[in-house]
K.L.:
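Provided herewith is a single structure, encoded as structure tokens, for subsequent inquiry.
Throughout, a chain's letter reflects where its sequence line sits, starting with A, and its residues are numbered from 1. It should be emphasised that the depicted structure is a prediction, and the values quoted were computed from it without experimental measurement.
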Number of protein chains: 2
Amino acid sequence: MTKLIEETLHKRIRAAGLRLTLPRKAICKVLAANEEDFLTAAQILAGATTEVGQIDPSTAYRALDDFAEIGLVHHVNLGSQPSKWHLTLDHDHQHLVCETCGKPTLVPSSEVTAFFDLLKDRFGFTVNADHFAILGQCESCSTAAPHPPHRATSAS
Amino acid sequence: MTKLIEETLHKRIRAAGLRLTLPRKAICKVLAANEEDFLTAAQILAGATTEVGQIDPSTAYRALDDFAEIGLVHHVNLGSQPSKWHLTLDHDHQHLVCETCGKPTLVPSSEVTAFFDLLKDRFGFTVNADHFAILGQCESCSTAAPHPPHRATSAS
DNA sequence: ATCCGTGCAAATACTTTGCATTTAC
DNA sequence: GTAAATGCAAAGTATTTGCACGGAT
């Protein structure tokens with residue numbers, strides 16, 4: 001069903017008045033195939049290059065920026081240097097990103113709205129859920145590693 | 001009382017077996033004077049340069065890395081390209097960072113522990129509170145700007 | 001006296017930009 | 001046919017590294 005996602009992306013690109021080129025199709029394919037993941041520009045570029053021939057980095061960056069502008073993807077900075085991109089088709093969950101293995105744990109939005117509401121009511125702060133990702137250790141990594149890279153409880 | 005903070009930093013640097021040099025003192029001064037803020041390496045460098053004479057960027061980066069290693073500061077990536085640093089002496093609050101004005105809103109840790117516990121219990125995910133910062137709009141910016149740069153409610 | 005920290009210069013990683021050519025529409 | 005997208009090359013920004021000298025302990 002990643003094929004279905006691709007179709008949706010294609011339609012939204014066309015609907016936004018953007019042109020559906022070969023590099024863009026390849027990028028859509030990579031994004032659709034990694035629906036739940038946060039991918040670096042390098043990963044997306046590598047995947048897209050495998051699909052069709054050579055694609056220039058600048059083309060990938062420009063396409064991803066365009067996609068972000070029409071709300072297809074979000075561009076987020078998690079601890080690491082290279083920023084990451086991920087699809088936004090699924091609007092019903094938030095991400096907890098593991099600092100060890102990089103995998104996102106999905107949390108239904110219903111679980112976090114109470115917390116966001118609290119921040120709004122008590123501190124007047126409106127959370128930008130699009131840029132929301134919490135870093136830490138996922139279940140398997142925290143049981144596997146007795147000494148996580150960073151302490152996990154204290155505040156800053 | 002930023003003087004007191006400086007003293008504390010100096011002691012912790014010495015206690016960790018690091019040497020207390022002029023550039024490091026200057027950096028401590030800047031950090032202490034901006035206790036609550038998230039500063040870029042460039043801001044810290046500029047401030048430190050004002051204190052004492054010219055300091056090399058590599059020196060600042062190395063000092064900040066050393067400070068992070070002994071737990072004096074945290075190195076975080078918020079949406080923007082240049083990453084930021086902030087003091088960790090105060091361990092009793094979390095940060096909500098405004099994407100418009102950059103100012104952090106401080107939230108007592110007691111307000112968030114329930115949420116962190118929920119993530120742990122329901123999803124087995126241990127939050128790294130050191131790298132915890134939520135992006136959004138602070139109270140004054142959200143009232144001032146009718147159209148915030150990003151939508152603020154939906155999830156991703 | 002020792003060895004850690006510094007400055008300098010060069011290198012690297014990631015991303016952006018200008019411009020001529022190509023291509024989707 | 002026309003405007004938008006691409007590829008290339010070059011520049012830009014943020015950060016890191018190697019090495020010889022200088023200064024803190």
K.L.:
At under 4.0 Å between heavy atoms, what does Leu20(A) touch on the DNA or RNA strands: base, sugar-phosphate, or nothing?
P.N.:
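Sugar-phosphate, no base atom in range.
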K.L.:
Five pairs per end, C1' atoms only: what is the angle between the end axes of the helix from dA1(C)-dT25(D) to dC25(C)-dG1(D), to 10 degrees?
P.N.:
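Computed angle between terminal axes is 40°.
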K.L.:
What I want to check is whether the side chains of Gln137(A) and Asn128(B) have a donor and an acceptor closer together than 3.5 Å.
P.N.:
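No.
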K.L.:
Within the structure, does a side-chain N or O atom of Thr59(B) lie under 4.0 Å from either OP1 or OP2 of dG7(C)?
P.N.:
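For dG7(C), OP1 or OP2 has a side-chain N or O of Thr59(B) closer than 4.0 Å.
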K.L.:
Between Asp37(A) and Lys103(A), is there a salt bridge with N-O shorter than 4.0 Å?
P.N.:
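The answer is no: the pair does not qualify as a salt bridge.
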K.L.:
Nearest whole angstrom, please: distance from the C1' of dG5(C) to the CD of Glu69(B).
P.N.:
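Between C1' of dG5(C) and CD of Glu69(B): 15 Å.
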K.L.:
Looking only at the side chains, is there a donor atom on one of Lys84(B) and Thr40(B) sitting less than 3.5 Å from an acceptor on the other?
P.N.:
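Lys84(B) vs Thr40(B): no donor-acceptor pair found between side chains.
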K.L.:
Residues of residues 46-53 of chain B with any non-hydrogen atom less than 4.0 angstrom from an atom of DNA chain D: list those, numerically ordered, please.
P.N.:
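By residue number: none to list.
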K.L.:
So if I apply the side-chain contact (heavy atoms from CB on, under 4.5 Å) rule between Trp85(B) and each of Val76(B), Asp65(B), Val30(B), which one comes out positive?
P.N.:
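Between Trp85(B) and the candidates, side-chain contact (heavy atoms from CB on, under 4.5 Å) is satisfied uniquely by Asp65(B).
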K.L.:
Which residue, Leu22(A), Ile44(A), Thr21(A), forms the side-chain contact (heavy atoms from CB on, under 4.5 Å) with Ile27(A)?
P.N.:
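By the side-chain contact (heavy atoms from CB on, under 4.5 Å) criterion, Ile27(A) pairs with just one of Leu22(A), Ile44(A), Thr21(A): Ile44(A).
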K.L.:
With sequence neighbours left out, what residues match Glu69(B) under salt bridge (Lys or Arg N to Asp or Glu O under 4.0 Å)?
P.N.:
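None.
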K.L.:
Give a yes-or-no answer on whether the side chains of His75(A) and Ser83(A) include a donor-acceptor pair shorter than 3.5 Å.
P.N.:
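Yes, a side-chain donor-acceptor pair sits under 3.5 Å.
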K.L.:
Ala26(A): what forms a side-chain contact (heavy atoms from CB on, under 4.5 Å) with it, not counting sequence neighbours?
P.N.:
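Partners of Ala26(A) under the side-chain contact (heavy atoms from CB on, under 4.5 Å) test: Ala48(A), Glu51(A), Val52(A), Ile55(A).
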K.L.:
Could you list where the contact with chain A starts and ends along DNA chain D, reading 5' to 3', using a 4.0 Å heavy-atom cut-off?
P.N.:
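Answer, 5' to 3': dA3(D) to dC8(D).
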K.L.:
Determine, for nucleotides 15-23 of chain C in 5'-to-3' order, which nucleotides have protein heavy atoms under 4.0 Å from the base (write B), from only the sugar-phosphate (write S), or from neither (write -).
P.N.:
BBBB----B
K.L.:
Using only heavy-atom distances, determine whether the side chains of Ser58(A) and Arg62(A) contain a donor-acceptor pair under 3.5 Å.
P.N.:
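Result is yes, a qualifying pair exists.
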